[in-house]
Number of protein chains: 2
Amino acid sequence: MRKKSKSQKVYDYIEELVISGEIKPGERLPSEAKLGEILEVSRVSVRAGIEKLSAIGLVSKKKGGGTYVNKPKNDNYLSVFTPTLLHNTDYLEMMEIRRALDSLSVQLCAKNITESGIRKLGEIVDSMENIENEYDFFELDKKFHLLISKYSKNRFLHNIHLIIWDVLQKTLRTKYNTVTRQDHSTDRVEEHQDIYQAIVHKDEDLARIYTVRHLERIIDTFNCEYNEAYYEAKKEEKKKH
Amino acid sequence: MRKKSKSQKVYDYIEELVISGEIKPGERLPSEAKLGEILEVSRVSVRAGIEKLSAIGLVSKKKGGGTYVNKPKNDNYLSVFTPTLLHNTDYLEMMEIRRALDSLSVQLCAKNITESGIRKLGEIVDSMENIENEYDFFELDKKFHLLISKYSKNRFLHNIHLIIWDVLQKTLRTKYNTVTRQDHSTDRVEEHQDIYQAIVHKDEDLARIYTVRHLERIIDTFNCEYNEAYYEAKKEEKKKH
DNA sequence: TGCAAAATAGTTGTATTATAAGTGTGTTAT
DNA sequence: ATAACACACTTATAATACAACTATTTTGCA
């Protein structure tokens with residue numbers, strides 16, 4: 001593996017601070033000089049790293065004031081793709097978008113997929129059957145849906161999906177309990193098999209229907225857990241009185 | 001208006017070079033030193049500007065080799081949103097995504113829009129009736145659809161739409177003839193009125209249907225012109241023999 | 001002449017130092 | 001009490017130097 005550049009070191013360090021929640025949206029970063037001390041790099045490299053983070057909208061700089069972690073509502077619209085946003089309601093909004101985009105990509109995929117693509121997809125579905133840990137399943141799930149979007153032959157669509165899954169993955173690390181528990185359903189393997197079969201038979205409509213059903217089931221499950229958690233929290237509060 | 005920063009000056013300058021096609025994907029940018037001379041800024045500022053462009057994936061830097069404009073296929077997926085990509089097929093792919101996302105946002109909008117939102121939307125539709133020049137209509141069109149996505153109350157969705165329209169607008173400047181001529185249809189005002197009315201009556205399904213119809217009409221018109229242009233080109237070629 | 005090795009020029013990466021310019025806070029003078 | 005000011009802190013820009021890497025040109029040998 002190639003050596004990381006100094007500016008990348010800065011970038012990763014700050015991104016980690018934000019993802020882990022050590023610095024929350026609206027809060028200020030250490031000054032450039034301080035970051036330079038901490039990471040043992042020059043201010044030039046610190047600035048280069050921060051410049052990138054600013055370009056993708058994770059932070060905003062204020063001359064003389066400091067550098068701040070952006071709040072989700074920030075106008076810089078590339079901030080859609082920063083990994084800090086996925087709280088509970090954000091997750092639902094994201095899944096709403098997936099419902100729209102996945103149903104498009106699976107439809108196009110069923111039309112455009114090649115024989116070798118079908119083979120690859122089949123392998124993924126097969127390996128889903130004997131999976132025990134959640135992390136591995138997530139990987140397969142990601143591969144499955146990204147492969148579908150790839151064979152949609154719509155480059156934009158695929159790229160948006162890449163971003164969405166990147167955000168999902170990064171968010172997962174910090175919200176593992178909340179977001180992943182929802183998918184313990186025993187149906188989940190079967191759902192993927194259904195989608196796969198529809199693609200094999202080039203049945204665009206059926207593939208779309210199965211995909212929508214799949215995603216809506218995930219959303220429903222999440223909603224239930226979310227409400228449960230909500231009531232739990234309320235119960236805790238009552239105890240205090 | 002606030003003064004532009006030096007690094008932003010660099011950013012805009014290079015972006016313009018790429019959009020206008022002066023520097024094509026794969027080609028090399030002037031060196032940092034040269035850019036500094038041209039724009040009369042220090043190398044620090046040049047680097048800051050390029051750093052941003054690199055962060056959003058428009059260019060890639062090679063230590064010792066120079067800075068290159070990325071080809072669309074570049075892996076850095078943020079490059080979806082660089083304005084260089086929209087050739088004819090790209091435009092269609094983009095509209096395919098709009099069909100999926102606009103139908104979602106209009107549906108949510110019909111559910112969530114406020115009274116004041118309806119008023120604003122109405123004003124836009126009204127001003128569409130007496131528009132002569134294409135550029136103004138584009139502006140209204142953009143406002144209309146962005147307002148809808150805003151009242152979808154899904155922040156991700158709205159942000160993606162902001163990006164899409166930003167790309168459309170930037171691309172338009174260079175492909176004015178190809179992309180905009182398609183929308184000279186007399187139906188276009190009426191289509192927006194239909195969508196508006198459906199939203200007013202909070203009829204989610206109807207709003208979605210009108211929106212899909214609207215977008216599919218645009219796609220069809222574009223396809224016709226695209227094919228016409230294609231045949232024209234072929235005819236020209238035949239003449240040469 | 002052909003070609004490989006080596007020198008060279010050009011380019012980005014990082015460091016250092018200095019200054020300008022904006023922000024925020026605390027202090028002072030009224 | 002409040003407005004004006006001073007001061008510390010922070011980011012923005014600049015100039016210079018050198019390191020590290022690349023691409024090209026030149027050199028030297030067969």
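In what follows, every chain begins at residue 1, and chains take the letters A, B, ... in the order their sequences are listed. Basis for what follows: all heavy atoms, side chains included, without hydrogens, waters or symmetry-related copies.
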Side-chain donor or acceptor of R28(A) paired with backbone N/O of G65(A) under 3.5 Å: yes
Atom CD of E37(A) to atom P of dT10(D): distance rounded to whole Å? 11 Å
Any side-chain N or O of K62(B) less than 4.0 Å from the OP1 or OP2 oxygen of dC21(D)? no
Rounded distance in Å - NZ (K9(B)) to P (dT13(D)): 11 Å
Closest-nucleotide ordering on DNA chain D, the 5'-leading residue of V44(A) and T67(A): T67(A)
For atom CD of E40(A) and atom P of dT16(C), their distance in whole Å: 11 Å
Can you name the nearest heavy-atom pair linking S105(A) to S149(A), along with the distance? CB-CA, 3.9 Å
Using a cut-off of less than 4.0 Å, is there contact between a side-chain N or O of S7(A) and OP1 or OP2 of dG13(C)? no
Using heavy-atom distances to pick each residue's nearest nucleotide on DNA chain C, tell me which of S42(A) and G64(A) is more 5'. S42(A)
Side-chain N or O of K34(A) closer than 4.0 Å to phosphate OP1/OP2 of dC9(D): no
Using whole Å, what does the distance between atom C1' of nucleotide dA12(D) and atom NZ of K52(B) come to? 12 Å
In whole angstrom, what separates R47(A)'s CZ from dT16(C)'s C1'? 15 Å
What is the separation between atom CZ on R28(A) and atom C1' on dT23(C), rounded to the nearest whole Å? 10 Å
No-hydrogen, no-angle side-chain donor-acceptor test under 3.5 Å, N154(B) and H158(B): no
Counting heavy atoms from C-beta on, name the nucleotide in dT12(C), dT14(C), dA12(D) closest to the side chain of K63(A). dA12(D)
Parallel, tilted or perpendicular: which one describes the rings of F144(B) and H192(B), with boundaries at 30° and 60°? perpendicular
Quick one: Y68(B) OH to dT22(D) C1', roughly how many Å, whole number? 8 Å
Between atom NZ in K6(B) and atom C1' in dA21(C), what is the gap in whole Å? 12 Å
Would you say K61(B) has more than 12 foreign heavy atoms packed within less than 6.0 Å of its NZ? yes
Regarding the side chain of S45(B), the nearest nucleotide among dA14(D), dT11(D), dT12(C) is dA14(D)
Any N or O donor-acceptor pair linking the side chain of R43(A) to the base of dA12(D) at under 3.5 Å? yes
